[in-house]
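Here's the structure we're looking at; comments come further down.
Within every chain, numbering begins at 1; the chains are lettered A, B, ... in the order of the sequence lines, protein sequences first and strands thereafter. From a predicted model like this one, the values you see are computed outputs, not experimental measurements.
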Amino acid sequence: MTLAELLQGSVHEVAAGLVGWTLLVDGVGGRIVEVEAYDEDDPASHAYRGANARNGSMFGPPGHLYVYRSYGIHWCANVVCERPGHGAGVLLRALQPTHGLDRMRDRRRVADDRLLCSGPGRLTQALGLSGADDGADLSRPPFAVLPPSAPSVVERTPRIGISRAVEQPWRYVEVGTSWSSRRRRAA
DNA sequence: CTTTCGATGATCT
DNA sequence: GATCATCGAAAGG
């Protein structure tokens with residue numbers, strides 16, 4: 001399976017399928033363990049009300065990045081999906097760091113490696129992503145997206161930090177990971 | 001341990 | 001003027 005082949009599917013197939021892949025930026029990154037799907041006709045999606053100056057890359061070619069500023073402070077990154085005439089993407093929420101740990105620690109300055117990439121804003125900071133990367137093609141350097149060696153077990157939960165369509169289970173997390181943005185609550 | 005709240009800027013109403 | 005796909009420090013229990 002190549003990234004281009006995975007991107008042929010629906011936003012939800014792409015989101016679930018991306019879990020376990022490795023994302024690298026200039027050789028720095030890790031395994032994708034948590035994402036969220038933002039589909040067309042999704043009130044929580046930035047693309048819901050059509051294209052604007054911020055979300056334009058969501059309406060561009062699949063396999064590119066949509067990077068936006070969040071709460072005026074952080075950057076968040078999506079993988080753009082193929083939805084002709086609409087905008088859709090998969091928000092990258094957490095990685096299990098595997099490559100370039102030293103560079104990530106330099107950028108993040110946190111005591112615990114668990115905090116390097118466990119959140120959409122943390123992830124972009126660790127990888128050095130910013131608005132300059134909005135629209136960038138993930139199939140070309142300095143980016144690399146590598147398939148997993150074995151399939152992951154993925155669970156669906158409601159998405160985090162939104163106020164519309166809050167009950168849709170469109171967050172995809174690798175079962176058993178300790179690198180997601182939220183630890184599983186005790187039962 | 002949990003909850004609250006400020007930062008900060010683009011977009012929406 | 002309000003909201004927001006967030007984070008981290010501070011305050012409370």
Side-chain angles (χ1 to χ4, degrees), chain A residues 10-19 23 30 32-60 62-81 83 86-97 104-136 138 154-174 177-187:
Chain A
S10 73
V11 178
H12 297 284
E13 289 169 335
V14 174
L18 269 178
V19 174
L23 169 65
I32 297 170
V33 298
E34 178 186 354
V35 299
E36 285 175 359
Y38 288 87
D39 205 349
E40 58 182 311
D41 298 327
D42 174 0
S45 171
H46 288 174
Y48 183 63
R49 293 173 220 286
N52 58 36
R54 173 176 68 166
N55 66 18
S57 55
M58 276 188 99
F59 295 80
H64 289 230
L65 282 176
Y66 162 47
V67 183
Y68 69 93
R69 206 187 265 288
S70 173
Y71 289 87
I73 301 174
H74 305 100
W75 297 105
C76 295
N78 293 246
V79 177
V80 174
C81 292
R83 307 300 280 172
H86 300 276
V90 173
L91 173 68
L92 300 170
R93 286 198 57 93
L95 304 181
Q96 173 184 349
M104 288 194 259
R105 293 184 187 117
D106 279 347
R107 289 166 173 155
R108 292 276 301 138
R109 295 280 165 191
V110 289
D112 188 340
D113 283 352
R114 299 279 169 89
L115 298 175
L116 285 176
C117 299
S118 56
R122 294 165 173 169
L123 181 159
T124 56
Q125 186 182 17
L127 270 53
L129 294 172
S130 74
D133 300 294
D134 184 39
L138 285 171
V154 180
E155 66 176 338
R156 285 154 48 107
T157 81
R159 295 174 291 185
I160 293 175
I162 57 172
S163 62
R164 312 190 59 164
V166 294
E167 300 186 13
Q168 299 292 352
W170 292 344
R171 171 175 177 254
Y172 297 82
V173 189
E174 177 168 61
T177 187
S178 55
W179 301 95
S180 66
S181 65
R182 284 198 183 174
R183 221 62 63 81
R184 178 189 275 287
R185 292 196 59 156

> For C/dC4, does either OP1 or OP2 sit under 4.0 Å from a side-chain N or O belonging to A/Arg69?
Replying inline: no

>> Categorize A/Ile162 for me: base, sugar-phosphate, or nothing, with a 4.0 angstrom heavy-atom threshold over every strand shown.
In response: sugar-phosphate

> Whole Å only: how far is the CG atom of A/Asn55 from the P atom of B/dC12?
Replying inline: 8 Å

>> Given B/dA7, C/dC4, C/dA5, identify the nucleotide with an atom nearest to the side chain of A/Ile73.
In response: B/dA7

> Hey, which of these two, A/His74 or A/Ala53, hits DNA chain B nearer its 5' end, going by closest nucleotide?
Replying inline: A/His74

> Is any side-chain nitrogen or oxygen of A/Asn52 closer than 4.0 Å to OP1 or OP2 of B/dC12?
Replying inline: yes

> Using purine N1 to pyrimidine N3 plus N6-O4 or O6-N4 for Watson-Crick, or N1-O2 and O6-N3 for G-U wobble, both under 3.5 Å, which nucleotide pairs with B/dT8?
Replying inline: none

> Are the side chain of A/Thr124 and the backbone of A/Trp75 linked by a donor-acceptor contact shorter than 3.5 Å?
Replying inline: yes

> Choosing from C/dC7, C/dA5, B/dT13, which nucleotide comes nearest the side chain of A/Tyr68?
Replying inline: C/dA5

>> Using OP1 and OP2 only, check whether a side-chain N or O of A/His46 sits under 4.0 Å from C/dA5.
In response: yes

> What orientation do A/His12 and A/Tyr172 show, parallel under 30°, tilted 30 to 60°, or perpendicular over 60°?
Replying inline: tilted

> Nearest-Å distance, CZ (A/Arg164) to P (B/dT13)?
Replying inline: 8 Å

> Does the side chain of A/Asp113 come within less than 4.5 Å of A/Arg105's, by heavy atoms?
Replying inline: yes

>> Counting C-beta onward and ignoring hydrogens, is there a side-chain heavy-atom pair between A/Asp42 and A/Arg159 closer than 4.5 Å?
In response: yes

> Taking only N and O in the side chain of A/Ser70, is any of them less than 4.0 Å away from OP1 or OP2 of C/dC7?
Replying inline: no

> With centres under 5.5 Å and planes under 30°, do A/Tyr38 and C/dA5 count as stacked?
Replying inline: yes

>> Pairing donors with acceptors under 3.5 angstrom, does anything connect the side chains of A/Glu34 and A/Ser181?
In response: yes

> What nucleic acid atoms does A/Arg108 come within less than 4.0 Å of, heavy atoms only: base, sugar-phosphate, or nothing?
Replying inline: sugar-phosphate

>> Without decimals, in angstroms, what is the distance between A/Trp75 CH2 and C/dC7 C1'?
In response: 16 Å

> Between the side chains of A/Arg108 and A/Gln125, does any donor sit under 3.5 Å from an acceptor?
Replying inline: yes

> What's the CZ-P distance between A/Arg109 and C/dC7, to the nearest Å?
Replying inline: 20 Å

> From the list B/dA7, B/dT11, B/dC12, which nucleotide is the closest neighbour of the side chain of A/Arg54?
Replying inline: B/dT11

>> Can you tell me the base-pairing partner of B/dT3? Count Watson-Crick or G-U wobble geometry only, both distances below 3.5 Å, and say none if there is no partner.
In response: C/dA10

>> For the C1' atoms, the ones on C/dG8 and on B/dA10, what distance do you get once it is rounded to whole angstrom?
In response: 22 Å

>> What is the separation between atom CZ on A/Arg114 and atom C1' on C/dC7, rounded to the nearest whole Å?
In response: 19 Å

> Starting at CD of A/Gln168 and ending at P of C/dA5, how long is that distance when rounded to a whole Å?
Replying inline: 15 Å

> Is A/Arg159 touching bases, backbone alone, or none of the nucleic acid, heavy atoms closer than 4.0 Å?
Replying inline: nothing

> Contact class for A/Asn78 (heavy atom, under 4.0 Å): base, sugar-phosphate, or nothing?
Replying inline: base

